[in-house]
Amino acid sequence: MKTFWKKKLPACLLALALLAGTVPMASAASADLTYDVDEDSGVWLDADDFQEIYEDDNGGYLEYVEFTDYDDFDDYGYFTFEDFDRYEFDDVDSKALENYEFYYDSAYADDYDIDLDTLRFVTYDNIDSDTLDFDVRLYGDEGSFYATVRIDVEGGSGSGSGDVELTYKVDPGDDVTVDAEDFWDLFDEEDGRYDELEYVEFTSYDDFDDFGYFGADGYDGDDYVLDYELNDSDLDDAMFYYDENDVWYDYDFELDTLTFYADRNADADTLAFDFTMRGVDGDKVYGTLYIEVGKGSGTSSKGDLTYQVDPDDDVTLDAEDFYDFFYDESDYDELEYVEFTDYDDFDDYGCFYADGYDSDDYTRDYELNDSDLDDAVFYYDEDDVWDDYDFELDTLTFAADRNADEDTLTFDVTMHGVKGDKISATLTIEIGKGSGTGTKVDGDIIYEVDPDDSVTFDRDDFWDFLDDETGDDLEYVRFTDAAELDDWGELYSYDYDDDRVYFDESDLDDGYFYYDSKDLFYDEDFTLDDLTFVADKDADGEVVELDFTAYGEDGDKAYGTVAIAIGDVGTGVAAEGGDIRYYTDYSGRVQINANDIARFFEESYPGYTLQYVTFEDAPTYGSLYYNYYGTSSYGSSYSLRITADNCDDMDFYFSPSSSQHALSELTYVPSGVNYCAQIPFTAYGSGSRSVSGTILISVNLSEVPDVYGPTPKNTAVTFPAASIYTAVAQSSGLGLDSIQLLELPATNEGTIYVGSGTSKRADTKTLYGYSSGSERISQLRFVPASGFTGSVEIPYVACNSSGDPIASGKLCLGVVSEMEDFSDISSSTWCYKYVLELSDADVIDGYSDGTFKPDNQVTYGAALKLIMLAAGYDEQEPVNSNVFSGYLARAQADGLVSGSVNLNAPITRLAVSQIAAKAMGLSISNLSSVRPFTDTTDPYVQALNAAGIVEGYFSNGTSTFKPYNTLTRGQISAIVWRMEQAQ
């Protein structure tokens, strides 16, 4: 605190001020200034009021005010004010108020002195009426004197002062999730300073443990936990953030996931939760959340315990769900075992499996059908499992048939406690629709064969499948269903006598197909590696599916499907690959980039070069044109639509002659909106090499924004399901039902797992549901490789409830060593990920004041340093007074730069391209003969464009580079980031 001795009073007034300070002030019977304020409101103390009473008393000019004595006001509210320099609000309680001086005029104040005109008293909600007196001392050019300021507080519920309220309703045994937008809207309406909501805290509330609990997604113990349980004792410790990107520390949670789970025996009542909403700029709004717990309908079909599963999938029941339910319902008893007492006939939908005893043998995954489920006893503690039909509750699994109809199965159970309590409950299993993708070939193992030809199974495919699912080594395989086998072909293998044996649908399930032929001993033992399918000659376009169970040497097993695609099997609009992806709105055009296909080819065959491309089919939706704008000097001089009939007749060349069609002249024109078009192609190159792929084009109202988030290295990241949903909805106007991953991260980057463990890896075939299905988006978890830092992009397609892709997007993760914080860069800044990741890699840095200044022009010297560091050069010490002079000297020595250079001048796009291409060692000899830009023929620009690092400006068939445009710091960060990815 600055003392009186440091104030800028004229010297002649110092003695007067000291003398006045020795005179005690008599108690005022009435106040010199009086202000009125309601509860949950605020009142500004007017600086001119203080000037008037100072002038009335002394005839002078007020300089500043101090609070000298006052009532304890902390139960009623607090003061808030701003300083003259930062203009940031500070909140002050009764212990600190006397430490400040409040200046009437900034001309007499230093930076950080307090502005009297910003002084405001803010009251709490639900306070009593009272009168607060404050003794103050006023200093000015005529000395100082004392006065009394009075604040009359009007409390009580009838004040109508703006207390905000939110009310949600929930039935017993059900749950309700709050809407973050409700809080945002209330904060926005109540706050008069145009602040934006940052987070919500609960300050006081009823004891609610007898009614239920809250759950939310957030951090606990440095781990991100889904649906973390918050009870009466810890709710007020948590902070609930409006923006999920602000959730980083223990007891930080996402506001939009806050859910109240009502106990099934909760009485009808209304629970009140007082909260404080805090803004980004420091404003606060107080309110009350009411949760009305109803009586319950008594007719809900929802079970006490509910699980969901898709056809041809399984779900394992959680013993802890049964334990918690029993404990809540019983008289503090603990669960011992569970029995099934009544249930629907479920044999047409699937069966149960569990680990336990049968005929004195312990059996893993013992099958329990409709006729024997009620004979079994399922124990919570595996040590209690000893007798026939005793099983471990935590292994109880329902496996749905692949052709199971969408339905809900109901099972009545009785739970028995250690102390003898018994609780009845209902278990429901909801069977979903499955993928619903029509003719899409979908299987865990897929083989392709032409009509009237054969394909032999690979035993290692089954080994890898079981290893991925369980970690066990494969012993043998049994087939459980063989749809369409007899109609479209036949199977054969060899027995232990090496005799060929044929199978049809009726007897395939009798065979044991062993991984190792040395294990064959009995008549029904066969070799897996010799199992061969022979397709009928008239089976073109058909798919044969064989359901199987793979058994491991340690007793584990996994269920899967072999899909055999015969001939030309159509895929509709279901996503298959998407090796090259584009995005456009429904009125836009997509120019197919020849360099994209060239890079795809060279990834498969390094050292070889692309020559030409053929298309296998035309897109189902929209149209593909050659020379759409009529500006091409290659091949056809007019616009030509590529169709299913003529696509086989044309080759599109990477470096065409004048009579050949150029790969660079292809344009896709959308038709409709919210779909993913696919264009299958085969790329042919030098050395007689070829590779097939698919172009996928997402057509929506607008491009699906990337979902981006930084994460510390060695830290697992759960997929942000809500953010992916929002991104898709924002671009399409539709809600997504599921997503399909198009690519998985490289092994050196990390692995995507399903669930909390590492036993099940994600794949590119499964549809991961948003709000239904046994495997959901929120269960996907990316685990970075140990020590890895860098950028990870995970592309996906979003599907509707029928399994049809409606949009394509990307989840982007920046795995960093530490979170760099620039004051003028946030997650909404377009270059955020580039700056953040380059800063973490020590390639780029900001200014000493903590800013990055992304819109500032970048100088030649700064750009040169960034490019060289990104290309692998070491730091270069200056050779003269310019901090970048060492980089220039090294660049000139290595031939990256020639001639004289002004390091302080702006750099052009042309110069950046030339330096970057040379620093990266890009070849300029294997480029397409088609120049990509009309305003430059520079080979280094073309090389950098071919590498996907710089792009041009396309309009009506013409592409320009604008080589002499300068760049901002944000733009150079994007180029340097792409250089890093291309290394």
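Predicted, not measured: the structure shown is a model, and the values here were computed from it. All residue numbers refer to positions in the sequence shown, counting from 1.
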Asks: Within the structure provided, determine whether Ile739 and Val728 are in side-chain contact (heavy-atom separation under 4.5 Å).
Replies: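 Ile739 vs Val728: side chains apart.
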Asks: Nearest 0.5 angstrom please: Ile580 CD1 to Ile592 CD1, how far?
Replies: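 One finds 8.0 Å between CD1 of Ile580 and CD1 of Ile592.
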Asks: Could you check whether Glu793 pairs with Lys833 (Lys NZ or Arg NE/NH1/NH2 to Asp/Glu carboxylate O, under 4.0 Å)?
Replies: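 Result for this pair is yes, salt bridge flagged.
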Asks: Is there a donor-acceptor pair under 3.5 Å between the side chain of Ser698 and the backbone N or O of Ser808?
Replies: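 Yes, because the side chain of Ser698 sits within donor-acceptor range (under 3.5 Å) of the backbone of Ser808.
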Asks: To the nearest 0.5 Å, what is the distance between OG1 (Thr766) and CG (Asp763)?
Replies: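 Those atoms lie 3.5 Å apart.
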Asks: Which word best sums up how the rings of Phe652 and Phe615 line up, parallel for under 30°, tilted for 30 to 60°, or perpendicular for over 60°?
Replies: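 It falls in the perpendicular class, over 60°.
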Asks: Which of these passes side-chain hydrogen bond (donor to acceptor under 3.5 Å, both in side chains) with Tyr242: Glu254, Glu181, Glu196?
Replies: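 Between Tyr242 and the candidates, side-chain hydrogen bond (donor to acceptor under 3.5 Å, both in side chains) is satisfied uniquely by Glu181.
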Asks: Ignoring hydrogens, what is the shortest heavy-atom contact between Cys676 and Val797? Give both atom names and the distance.
Replies: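 Scanning both residues completely, I find the closest heavy atoms to be SG-CG1, 4.3 Å.
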Asks: Test side-chain hydrogen bond (donor to acceptor under 3.5 Å, both in side chains) on Asp651 and Tyr684; report intermediate values, then the result.
Replies: CA-CA 10 Å; Asp651 299 330; Tyr684 297 87; over 6 Å; no
Asks: Could you tell me whether the side chain of Tyr675 and the main chain of Ser671 form a donor-acceptor pair under 3.5 Å?
Replies: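 Present.
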Asks: Within the distance-only criterion (no hydrogens, no angle test), does the side chain of Gln740 pair as donor or acceptor with the backbone N or O of Thr764 below 3.5 angstrom?
Replies: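 Yes.
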Asks: Any side-chain heavy-atom pair from Pro854 and Val835 closer than 4.5 angstrom?
Replies: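 Contact flag for Pro854/Val835 side chains = no.
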Asks: Could you tell me which non-hydrogen atom of Glu743 sits nearest to which non-hydrogen atom of Asp579, and how far apart they are?
Replies: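 The answer is OE2-O, 4.4 Å.
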Asks: So Asn674 and Val699, do their side chains get closer than 4.5 Å, heavy atoms only?
Replies: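 Val699 vs Asn674: side chains apart.
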Asks: Test Ile679 against every option in Ile697, Asp617, Thr694 by the side chain to side chain contact (heavy atoms under 4.5 Å, CB included) rule and name the one that passes.
Replies: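 With Ile679 as partner, Ile697, Asp617, Thr694 yield a single side chain to side chain contact (heavy atoms under 4.5 Å, CB included), made by Ile697.
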Asks: Where the side chain of Asn945 meets the backbone of Val950, is there a donor-acceptor pair that is under 3.5 Å apart?
Replies: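 Here the side-chain-to-backbone pair exists.
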Asks: Does Glu775 form a side-chain contact (heavy atoms from CB on, under 4.5 Å) with Lys760? I'd like the steps, not just the answer.
Replies: CA-CA 11 Å; Glu775 295 182 359; Lys760 185 173 181 59; 2.4 Å; yes
Asks: Verify side-chain contact (heavy atoms from CB on, under 4.5 Å) between Phe654 and Ile597, making sure each step is shown before the conclusion.
Replies: CA-CA 9 Å; Phe654 185 63; Ile597 300 180; over 6 Å; no
Asks: Using modelled atom types only, decide if a donor and an acceptor are shared between the side chain of Thr829 and the backbone of Tyr832 within a distance under 3.5 Å.
Replies: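 No; zero donor-acceptor contacts below 3.5 Å.
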Asks: Closest heavy-atom contact between Gln730 and Pro705?
Replies: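 Reported closest heavy-atom pair: NE2-CG, 3.9 Å.
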Asks: Do the non-hydrogen side-chain atoms of Asn800 and Leu734 ever get within less than 4.5 Å of each other?
Replies: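 Of all side-chain heavy-atom pairs linking Leu734 with Asn800, none is under 4.5 Å.
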Asks: Under a 4.5 Å cut-off applied to non-hydrogen side-chain atoms, are Leu663 and Tyr612 in contact?
Replies: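 Of all side-chain heavy-atom pairs linking Tyr612 with Leu663, none is under 4.5 Å.
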Asks: Looking only at heavy atoms, which two atoms of Arg931 and Thr937 are closest? And how far apart?
Replies: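 Between these two residues, the closest heavy atoms are NH1-O, 3.9 Å.
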Asks: Can you tell me if Tyr953 has over 12 outside heavy atoms packed within less than 6.0 Å of its OH?
Replies: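 More than 12 within 6.0 Å, yes.
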Asks: Please work out whether the ring planes of Phe961 and Phe933 are parallel, tilted or perpendicular, with thresholds of 30° and 60°.
Replies: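 It falls in the tilted class, 30° to 60°.
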Asks: Say you draw a straight line from CD1 of Ile924 to CG of Leu944; how long is it, rounded to the nearest 0.5 Å?
Replies: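 One finds 12.5 Å between CD1 of Ile924 and CG of Leu944.
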Asks: Using side chain to side chain contact (heavy atoms under 4.5 Å, CB included) as the criterion, list what pairs up with Ala662, not counting sequence neighbours.
Replies: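 Checked Ala662 against side chain to side chain contact (heavy atoms under 4.5 Å, CB included); matches are Tyr626, Tyr634, Pro656, Ser664, Glu665, Val930.
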Asks: If you apply the rule side-chain hydrogen bond (donor to acceptor under 3.5 Å, both in side chains), what do you find for Thr682 with Glu616, and how did you get there?
Replies: CA-CA 7 Å; Thr682 300; Glu616 311 303 323; 2.7 Å; yes
Asks: When you compare the side chain of Val691 with that of Tyr608, does any pair of heavy atoms fall below 4.5 Å?
Replies: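 No - every pair of side-chain heavy atoms lies 4.5 Å or more apart.
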Asks: Please answer whether the main-chain N or O of Thr609 pairs with a side-chain N or O of Ser686 as donor and acceptor at a distance below 3.5 Å.
Replies: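 Between the backbone of Thr609 and the side chain of Ser686 there is a qualifying donor-acceptor contact (under 3.5 Å).
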Asks: Verify, without hydrogens or angle tests, whether Ser923 (side chain) and Ser925 (backbone) share a donor-acceptor contact under 3.5 angstrom.
Replies: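 Checking the backbone N and O of Ser925 against the side chain of Ser923, a donor-acceptor pair under 3.5 Å is found.
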Asks: Stepwise, does the ring-ring contact (aromatic ring centres under 6.0 Å, His included) test hold for Phe600 with Phe681?
Replies: CA-CA 11 Å; Phe600 172 72; Phe681 67 86; 5.6 Å; yes
Asks: Would you indicate whether the side-chain heavy atoms of Glu951 and Asn593 approach each other to under 4.5 Å?
Replies: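 Side-chain contact under 4.5 Å: no.
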Asks: Are there over 12 heavy-atom neighbours, none belonging to Tyr586, within less than 6.0 Å of that residue's OH?
Replies: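 No, OH of Tyr586 has 12 or fewer neighbouring heavy atoms, counting only those of other groups under 6.0 Å.
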Asks: Which atoms form the tightest heavy-atom contact between Phe852 and Asp824, and what is the distance?
Replies: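 Of all heavy-atom pairs spanning Phe852 and Asp824, the closest is N-OD1, 2.8 Å.
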Asks: Cation-pi check for Phe601 against Arg689: NZ or CZ below 6.0 Å from the six-membered ring centre and within 45 degrees of the axis, yes or no?
Replies: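 Negative - Arg689 is either too far from the ring of Phe601 or too far off its axis.
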Asks: Any side-chain heavy-atom pair from Ile825 and Cys831 closer than 4.5 angstrom?
Replies: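 Counting from C-beta outward, Ile825 and Cys831 do come under 4.5 Å.
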Asks: Would Arg641 and Ser623 count as having a side-chain donor-acceptor pair, cut-off 3.5 Å?
Replies: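 A donor-acceptor contact under 3.5 Å links the two side chains.
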Asks: Please answer whether the main-chain N or O of Asp855 pairs with a side-chain N or O of Thr968 as donor and acceptor at a distance below 3.5 Å.
Replies: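 Judged by distance alone, no pair lies under 3.5 Å.
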Asks: Out of curiosity, Thr966 OG1 to Gln971 CD, how far, rounded to the nearest 0.5 Å?
Replies: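 Answer for the OG1-CD pair, Thr966 versus Gln971, is 8.0 Å.
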Asks: Any donor and acceptor pair, going by atom type alone, linking the side chain of Asp450 with main-chain N or O of Ala535 inside 3.5 Å?
Replies: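 Pair absent, no side-chain N/O of Asp450 close to backbone of Ala535.
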Asks: Which heavy-atom pair separates Val704 from Ala727 by the least distance, and what is that distance?
Replies: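 Looking at all heavy atoms of both residues, the closest pair is CG1-O, 4.0 Å.
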Asks: When rounded to the nearest 0.5 angstrom, what distance separates OG1 in Thr711 from CZ in Phe782?
Replies: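 If we round to the nearest 0.5 Å, Thr711:OG1 and Phe782:CZ are 8.5 Å apart.
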Asks: Working to the nearest 0.5 Å, report the span between OH of Tyr768 and CD1 of Ile777.
Replies: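 So the OH of Tyr768 and the CD1 of Ile777 are separated by 11.0 Å.
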Asks: Without swapping roles, check the side chain of Asp256 against the backbone of Ala180 for a donor-acceptor pair under 3.5 Å.
Replies: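 It does hold such a pair.
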